[in-house]
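This report concerns only the one structure given below.
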Amino acid sequence: MGAFAALVAVAGVIGIAAAYGAYRVYTSDLPSVDRLKHYEPRMMSRIYAGDSQLLEELATERRLFLPYGDIPKVVKQAFVSAEDQNFWRHRGVDPTAILRAAVVDLQRIRQGRRPMGASTITQQVAKNMLLGNEMSLSRKFKEAILAMRIEQVLSKDRILELYLNEIYLGQQSYGVASAAQAYFDKPLDRLTLAEAALLGALPKAPNNYNPFRNAEAARDRRNWVLDRMADDRDITAQQAGAAKAEPVTPSGYHRPDTVVGAGYFAEEVRRRLVERFGADATTEGGLSVR
């Protein structure tokens, strides 16, 4: 019995040492989370004529940044309910969601389907803003470590603000404000509950749930988000039912009218901006040029 206990103790020590060694390997080249404290979003630049008419929009990513306080509560609730129901309670990773996903993923793997995963909103911020989209266990491990570090230096409000302004939602739109224009041609604060829930349905698979191409799938996913919001008591069952009854009717973004025939002039301005500020600042710096 003594020998068995000694073997168990040795195995435990070896396991701890191996885990620590893996931790050191995976954290040796992790990016610093401090860069998120000084986040500067990539925003489109606009060129205007002297009379304030729009000549051209310059962008690699269509993004309209909104501070946390300007994002409607219903939009925040829709995304938290859809993507991370325990967001306000966990510290970067959600053990409950991980266990639940593990059970489901065993069945998915047997069926040859992609695992569902259990990334929190904080983990998605780490992936999107610090790591990239590589599919590997090592990246998931790094993502979890970074998420816990992010939670130590940023408030929940700030983390959610970063997420809602960075997330890709299809139709060349990054962030919820740009997506509200892309799908409904209206500012974020004018969205209905059903429209907010539809935006909340998009992060999982923007192309699969694009209401312009897959209206039925978009409606089903939207209704699922509404059910989650009701489960979280952010809305009532009656409100969820009324929102589910609304048809999925995206309208698309109507770009502001530009000056006819001014393309050659706008192109010359763009070239001079690139010469003066560089290509990245020209298309991502949020310049307002007159």
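Quick note: numbers below take in every heavy atom, side chains included, and nothing from hydrogens, waters or symmetry partners.
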Main chain of Phe184, side chain of Ser251: is a donor-acceptor contact present, judged purely on distance under 3.5 Å? yes

Criterion side chain to side chain contact (heavy atoms under 4.5 Å, CB included) on Arg213 and Asn208, from CA distance to verdict: CA-CA 8 Å; Arg213 295 194 293 269; Asn208 293 346; over 6 Å; no

Path from Tyr68 to Val74 over hydrophobic side-chain contacts below 4.5 Å: yes

So Asn165 and Leu64, side chain to side chain contact (heavy atoms under 4.5 Å, CB included) or not? Walk me through it. CA-CA 8 Å; Asn165 280 290; Leu64 301 171; over 6 Å; no

May I ask whether Met129 and Val176 are part of the same hydrophobic cluster, defined by side-chain heavy atoms of I, L, V, M, F, W, Y residues being less than 4.5 angstrom apart, directly or through others? yes

Closer than 4.0 angstrom, basic N to acidic O: yes or no for Asp34 and Lys37? yes

Checking side chain to side chain contact (heavy atoms under 4.5 Å, CB included) for the pair Leu199/Leu188: CA distance, chi angles, key distance, verdict? CA-CA 10 Å; Leu199 293 190; Leu188 203 61; 4.3 Å; yes

Does the side chain of Leu273 reach to within under 4.5 Å of the side chain of Ser45, using non-hydrogen atoms? no

At their closest point, which heavy atom of Pro203 faces which heavy atom of Phe79, and how far apart are they? CG-CE2, 3.5 Å

Residues Lys186, Glu195; criterion salt bridge (Lys or Arg N to Asp or Glu O under 4.0 Å); working and verdict: CA-CA 11 Å; Lys186 61 171 70 172; Glu195 290 167 343; 3.2 Å; yes

Any salt bridge between Asp227 and Lys244, counting N to O under 4.0 Å? yes

How long is the span from the CE atom in Met148 to the OG1 atom in Thr120, to the nearest 0.5 Å? 10.0 Å

I need the minimum non-hydrogen distance between Leu36 and Arg158, along with the two atoms involved. O-NH2, 3.6 Å

Joint hydrophobic cluster, Val93 plus Ile145, side-chain heavy atoms closer than 4.5 Å: no

Tell me the closest heavy-atom pair linking Lys204 and Glu83, and the distance in Å. N-OE2, 4.0 Å

Taken to the nearest 0.5 Å, the spacing of Asp185 CG from Gln181 CD works out to 7.0 Å

Hey, does Phe87 have a side-chain heavy atom less than 4.5 Å from the side chain of Leu160? yes

Just say parallel, tilted or perpendicular for the rings of Tyr168 and Tyr174, cut-offs at 30° and 60°. tilted

Apply salt bridge (Lys or Arg N to Asp or Glu O under 4.0 Å) to the pair Arg89 and Asp94, showing each step before the final yes or no. CA-CA 9 Å; Arg89 295 184 291 275; Asp94 186 354; over 6 Å; no

Closest non-hydrogen atom pair between Ser173 and Ser178, with its separation: CB-OG, 3.3 Å

Does Asn214 use its side chain to pair, donor to acceptor, with the backbone of Asn207 at less than 3.5 Å? yes

Between Ser81 and Asp231, is any pair of side-chain heavy atoms under 4.5 Å apart? no

Can you confirm whether Pro67 sits close enough to Glu161 that some side-chain heavy atom of one is under 4.5 Å from a side-chain heavy atom of the other? yes

Side-chain contact test, heavy atoms from C-beta onward, threshold under 4.5 Å: evaluate it for Arg222 versus Leu226 and give yes or no. yes

For Ala243, does its backbone N or O pair with a side-chain atom of Glu246 as donor and acceptor, under 3.5 Å? no

Counting N and O atoms only, with roles assigned by atom type, does the side chain of Asp84 sit under 3.5 Å from a partner on the main chain of Val80, one being a donor and the other an acceptor? no

With a 4.5 Å cut-off on side-chain heavy-atom distances among I, L, V, M, F, W and Y, is there a chain of contacts connecting Val153 to Ile121? yes

For the CG atom of Leu287 and the CZ atom of Arg276, what is their distance to the nearest 0.5 Å? 10.0 Å

Exercise: do Lys156 and Thr122 side chains pair donor with acceptor under 3.5 Å: no

Can you tell me if Arg290 has over 12 outside heavy atoms packed within less than 6.0 Å of its CZ? yes

Please determine if Arg271 and Glu275 form a salt bridge, counting it only when a charged side-chain N lies under 4.0 Å from a carboxylate O. no

What distance separates Leu131 CG from Gln123 CD, expressed to the nearest 0.5 Å? 10.5 Å

Quick one, Glu56 and Arg46 - any side-chain contact, counting heavy atoms below 4.5 Å? no

Residue Glu268 excluded, over 12 heavy atoms near CD under 6.0 Å: yes

With a 4.5 Å limit on heavy-atom distance, are the side chains of Tyr39 and Leu162 in contact? yes

When you look at CD of Gln172, are more than 12 heavy atoms from neighbouring residues, nucleotides or ligands closer to it than 6.0 Å? no

Under a single-linkage definition using a 4.5 Å side-chain heavy-atom cutoff for Ile, Leu, Val, Met, Phe, Trp and Tyr, are Val125 and Phe141 assigned to the same hydrophobic cluster? yes

Any donor-acceptor pair under 3.5 Å linking the side-chain atoms of Glu143 with those of Ser119? yes

Between Ala196 and Val75 the two heavy atoms that sit nearest each other are CB-CG2, 4.1 Å

Please report the shortest heavy-atom distance between Ile47 and Arg270, naming the atom on each side. CD1-N, 4.3 Å

Checking Tyr183 side chain against Leu169 main chain: does a donor-acceptor pair fall under 3.5 Å? yes

Rounded to the nearest 0.5 Å, how far apart are CE of Met229 and CG of Asp234? 5.5 Å

Pairwise side-chain contact, Gln77 with Asp232, heavy-atom cut-off 4.5 Å (strictly under): no

